[in-house]
Amino acid sequence: MTSRFSFGNGAALLQRLGSVIGLLLLIIALSVLSPDFLNAGNLLTVLRQVSINALIAFGMTFVILAGGIDLSVGAILAFTGAITAGVMAAGHGMALAIGVGLGLGLLLGVINGVLVSWGRVAPFIATLGTMTLLRGLTLSYTQGQPIGVSNSSFALLGDGYIAHLIPNPVVWMFLVFVICAFLLRGTVFGRHVFALGGNEEAARLSGVRINAMKLGVYGLSGLLSAFAGIVLTSRLYSAQATAGSGYELDAIAAVVLGGTSLAGGRGWLFGTLVGALLIGFLNNGLNLLGVSSFYQQVVKGAVILIAVLLDRRK
Amino acid sequence: MHGIQKAFGPVKVLEGVDFELRPGEVHALMGENGAGKSTLMKVLTGVHKADAGDIKVDGQTVSIHSTTDAEKHGIAIIHQELNLIPHLSVTENLFLGRELSTLGVLHRRAMRKRAREWLAQVGMQSIDPDMPVARLSVGQQQMVEIAKALGQNARVLIMDEPTAALSERETDTLFALIRELRQKGTGIVYVSHRMEEIFVLCDRISVLRDGHFVGTRPIPGLSLDEVVQMMVGRSLEARFPTRDVTPGKVLLKVEHLGDKQVHDISFELRAGEVLGVAGLMGAGRTELARLLFGLDKASEGRVLLDDEPIHTRTPVQAIKAGLGFVTEDRKAQGLVLDLSLRENISLPRVPAHAGVIDRATEKRQTKGLIEQLKIRTRDMELPARALSGGNQQKVVLAKWLALKPRVLILDEPTRGVDVGGKAEIYQIINQLVASGVAILMISSELPEVLAMSDRILVMHEGRASALLDAATATQETVMLAATGGH
């Protein structure tokens, strides 16, 4: 790639733009079908809803590009959210609570990385294990009850606005996107992520520190899940034990819809943002059109399948 | 096959190719990488459809649109990468897709019996048909593939580089079988880069060049130079360029190095020297390289660079110490096929400041190496996948040259590379040696080892069986040491 956002050749460009074209078509279709769709208020609401999934999906992109998968993201979100709220409920300040939450997320991610690298456990199984374990820990820590947050500056994190217009979570989403895109395309770490997912053996022989890289990608995924958990806790003014159920699947769907290969080594972060937006606009559009939530799931599943099938045909 | 044409988009891959195979002949199909050999064979086996031209079997024009069609006409192919399923048994593999059954219930006993008969045809009656294929050697697996083809009553057998992964002995067994099949009237298309084999085995040769049909000639009376000339369109001055470098001081010293597979290996490697490593498949040559490069852990002995012991317990440490390793399997171990040339070449050490990639330096460095190694590509941003075998191998070399290694290990540096590409790789080796790099070159091609090395380390069953001076060594003395004789 000659620069961060350009591509090797025309065909690859076209293939990658498939998800973008899909998103534009969806936006046009919804604008025609529903008069309530195309206004700033609604669009910003969708962006805010998308932001949590997008934050997780950015981390997931690194994991999948490196040839892994992380099923524990939703559980990490719930656990770190609960702990963050718990630290504040115990009378500590917001900075400490956030620090503990983020640190814990990073640590849990690194543990996933240790299981996958030194432990040689298949990523699917390792993160399925930590997911289940963390869900249990979260339930026992919260006793199934929400932990309320009364710290008003903490609430700004997820519920505030910039210029009385743009919700803060949306700002976080774009900020994290820019940082992660740079990390992926502009740094040696990112280059090694592609190499690891593309051919682990060749990467090892080239002197890439395979195990350290795995700690890095799972650690990043854990960190971003924790950040998403903190933002969500802030927006809801409370931490729920069952928060983030199924978020791992939404994140994976966003990554795959964006055109990143589940086999690793091929993909881009912008696609993940587009994939998350696709899912968000689809949910929103179906709501506006009055489609029942049962059928919404059917449509979402069908869209994922069609998108992946189209991608295969190219 | 007559007047076969095939294009992929604007790229014409085959332009009017004629190919004729008689029953009971072994017909070599040669040409440089990218000449169109594989495409021609894919047309014959129904993988690709020809744009023009026709295929006749026994004088009848036939249309072959799928591998099933090809099978129906008795055409079978044995690919370079074997198509067996490792954890299924020999019988299960032989009958894969054509299981004997009634209403979906398998006739196990009948299949096992038939499998024994087929295996006997290829001289493998000693193999248990219930054994999983993964437990067989590569040579045995190849025999299973041939048995499978014969079981389908193949009258035309296409073999693509069948000896690439075989030992000397397995190659002999294969050749004996091929001659037997020829006797029985099977027509065999033999695709190989190994000139020596063609002359020993084949009756006629057809050569393709850049998608054009150059000609068909009977092998008897044909010289090596004539074949090379047909392939490249010009005579290569010499297959091996000469080198005039006197090895300098001792750079690498290996003392009693060993692990489970390699035992008590000692040698010295000088700056500006090529030490060839010869031996049969499984003699421990690649294992020795892996040990030196920190991919496996040594249990005994030590390695010294400039008389200082170095500890290469991981590739990272080996690279830091000044070692490079060009592996034998470039697709599985040498390249990340989806990454661009540039990204592959810079992988061992991406030019960067504080982890942020310095793209300008990276491009300049890549451009320099592409020119230095004459890598033929229109764009350094193309994925490595898009290059020919010879050019891919040069990319792997470029990757290590970027690091300016002091000791470079080359494992089968010209495997699967065409004649022209080989000569270029030899030139590169000579340039490196002239600049003082010490090279350890593992190779199964004896002429290559003899011509390119200063000295030759011969291995046999994990041990060094001889250290020969290349100037006086012959194929016979090397083979003698490689087979354990003295």
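We name chains A, B, ... by the order of the sequence lines, and we start the count at 1 in each one.
- Among Leu108(A), Asn112(A), Val114(A), the one residue that satisfies the side-chain contact (heavy atoms from CB on, under 4.5 Å) test with Val110(A) is Val114(A).
- Residue Arg290(B) touches chain A through its side chain alone, counting heavy-atom pairs closer than 4.5 Å.
- For the pair Lys214(A) and Glu200(A), the salt-bridge criterion is met [side-chain N within less than 4.0 Å of a carboxylate O].
- The greatest number of non-hydrogen atom pairs below 4.5 Å with chain A, out of Ser346(B), Pro315(B), Ala332(B), Ala352(B), is found for Ala332(B).
- Side chain of Asn344(B) to backbone of Leu339(B): a donor-acceptor contact under 3.5 angstrom is found.
- Checked by atom type, the side-chain pair Thr327(B)/Asp329(B) shows no donor-acceptor distance below 3.5 Å.
- To the nearest 0.5 Å, atom CG of residue Leu205(A) and atom CG of residue Leu335(B) are 11.0 Å apart.
- Each of Leu347(B), Ile319(B), Thr314(B) has some count of heavy-atom pairs under 4.5 Å with chain A, and the biggest count is that of Leu347(B).
- Per-residue heavy-atom pair counts under 4.5 Å with chain B were compared for Gly207(A), Ser206(A), Gly198(A), Ala203(A), and the maximum is reached by Ser206(A).
- The greatest number of non-hydrogen atom pairs below 4.5 Å with chain A, out of Gly324(B), Gly294(B), Pro348(B), is found for Pro348(B).
- Ranking Asp358(B), Val396(B), Val356(B) against chain A, the residue ahead of the rest is Val356(B), based on heavy-atom pairs under 4.5 Å.
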